[in-house]
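Just below is one structure, and these are the notes that go with it.
Just so we're on the same page: letters track the sequence lines, and every chain starts at 1.
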Protein chains: 2
Amino acid sequence: MVTLAKAQLDEVDLEILAVLTRDAEVTNKALARGLGLAESTCAHRVRSLRERGIIRDTRIRVDEAALGSPLQAIIKVRLANHTGPKVTALFDALAGIPRVLQVFHVAGVDDFLVHVAVQDATALRDIVLEHITVHPVVRGTETQLVFELRDGAGLLAR
Amino acid sequence: MVTLAKAQLDEVDLEILAVLTRDAEVTNKALARGLGLAESTCAHRVRSLRERGIIRDTRIRVDEAALGSPLQAIIKVRLANHTGPKVTALFDALAGIPRVLQVFHVAGVDDFLVHVAVQDATALRDIVLEHITVHPVVRGTETQLVFELRDGAGLLAR
DNA sequence: ATTGAAAGTGAGCTTTC
DNA sequence: GAAAGCTCACTTTCAAT
């Protein structure tokens, strides 16, 4: 990841990002019209944003519940010791567990926050017992059920 | 959101979702070829997945650092009391704060986990003090810096 | 740097097997 | 569910302001 170039974004760029962050399927034509730009100009700006790495990629978001995993949780993971290589190896292992959506490596009381979506409580327990606490470096875990998850206003809120 | 229809997904659907979850920009043609399907069949499948709500939407992912917010954190929020309406109102308020990426409403020691991306430590402090602890229902917060955030294997790992 | 116009490509639709 | 052909619209490229 060589994305050290200073942002250098103007108002138009920010507006483009704001739209695409909510819906990446808008056509270039519609995007241009919405922002009062020529289509060629708009397409050029978007391509530039991609080339500069401001836009990293675009992905679909799936309905976890419809996919059979209606139960979400955050599993806090605390380590016994914090020797570098072992921590990195655990990070990799956690991110590779099926049904894991995100893994936060954090500084503080906990070391990792593992966000999972599972079928039921049994599957949740299996992940904790079979995939997490099995690692010797893991001192303990604490699981919090997720009632609801919302998107925030984000970086582009005016 | 009326997405109660049982999933009813076969192997092909899952493979389509797996690809689009990593890169939603693949053309229908390339997707079809990659999975050994006719283009018409592939297009039909994808449309069906959208109509059924399995695919919720598609979004770009931006480089937060390039956008001037290189510092991420998780702010744990604990409440004094848990009366329904106030909790919901706070949820709305948290999700509406600029620079907030996600808000988890969880069951457990904490009530909310607020994921933010900010410019520096000062901006982080300002969010906590000016936007979170100002609410009377908030009993306390605890902030954890995010060293690194990784995508997990997800729901479609075989 | 933005614009307008022309050319290449993919998506969406219908029919057919 | 798969294949073929058709139309339309979009992206891209280029020359010009």
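When the C1' atom of C:dA1 is taken as reference, atom CD of A:Glu11 falls 17 Å away, rounded to whole Å. Computed from coordinates, the A:Arg45 CZ to C:dT3 C1' distance equals 14 Å when rounded to whole Å. One atom, NE2 of A:His44, and another, P of C:dG4, lie 16 Å apart when rounded to the nearest Å. Straight-line distance from the CZ atom of A:Arg50 to the C1' atom of D:dT11: 12 Å, rounded to whole Å. In this structure, CZ of A:Arg33 is placed 20 Å from P of C:dT2, rounded to the nearest angstrom. Atom pair B:Leu31:CG and C:dG12:C1' shows a separation of 16 Å (rounding to whole Å applied). In this structure, A:Leu37 atom CG and C:dT3 atom P are separated by 6 Å, rounded to whole Å.
Listed pair B:Arg47 / C:dC13 meets the phosphate criterion, a side-chain N or O lying under 4.0 Å from OP1 or OP2.
No donor-acceptor distance shorter than 3.5 angstrom exists from the side chain of B:Ser69 to the backbone of B:Glu64, with no hydrogens or angles considered.
Residues A:Arg61 and B:Asp57 are paired through a salt bridge, judged by an N-O separation under 4.0 Å between the basic side chain and the carboxylate. By the 4.0 Å N-to-carboxylate-O rule, B:Asp111 lies too far from B:Arg78 to be salt-bridged with it.
Through direct or relayed side-chain contacts under 4.5 Å between Ile, Leu, Val, Met, Phe, Trp and Tyr, B:Val109 connects to no other residue.
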Check nucleotides 5-10 of chain D against the protein and report each pair of N or O atoms closer than 3.5 Å, with its distance, or say if there are none.
residue : atom : partner : partner atom : Å
D:dC10  : OP2  : A:Lys29 : NZ           : 3.1

Toss me the dot-bracket line for DNA chain D: Watson-Crick and G-U wobble, both under 3.5 Å, 5' to 3', using | for pairs to another strand and [ ] for crossers. |||||||||.|||||||
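Under the 30°/60° scheme for interplanar angles, the aromatic rings of A:Phe104 and B:His115 are found to stand perpendicular.
When every heavy atom of A:Asp151 is checked against every heavy atom of B:Arg59, the shortest pair comes out as OD2-NH1, 2.8 Å.
Atom CZ of B:Arg33 is surrounded by 12 or fewer heavy atoms from other residues, nucleotides or ligands within 6.0 Å.
Follow the hydrophobic side-chain contacts under 4.5 Å out from A:Leu17 and you reach B:Leu101 in the same cluster.
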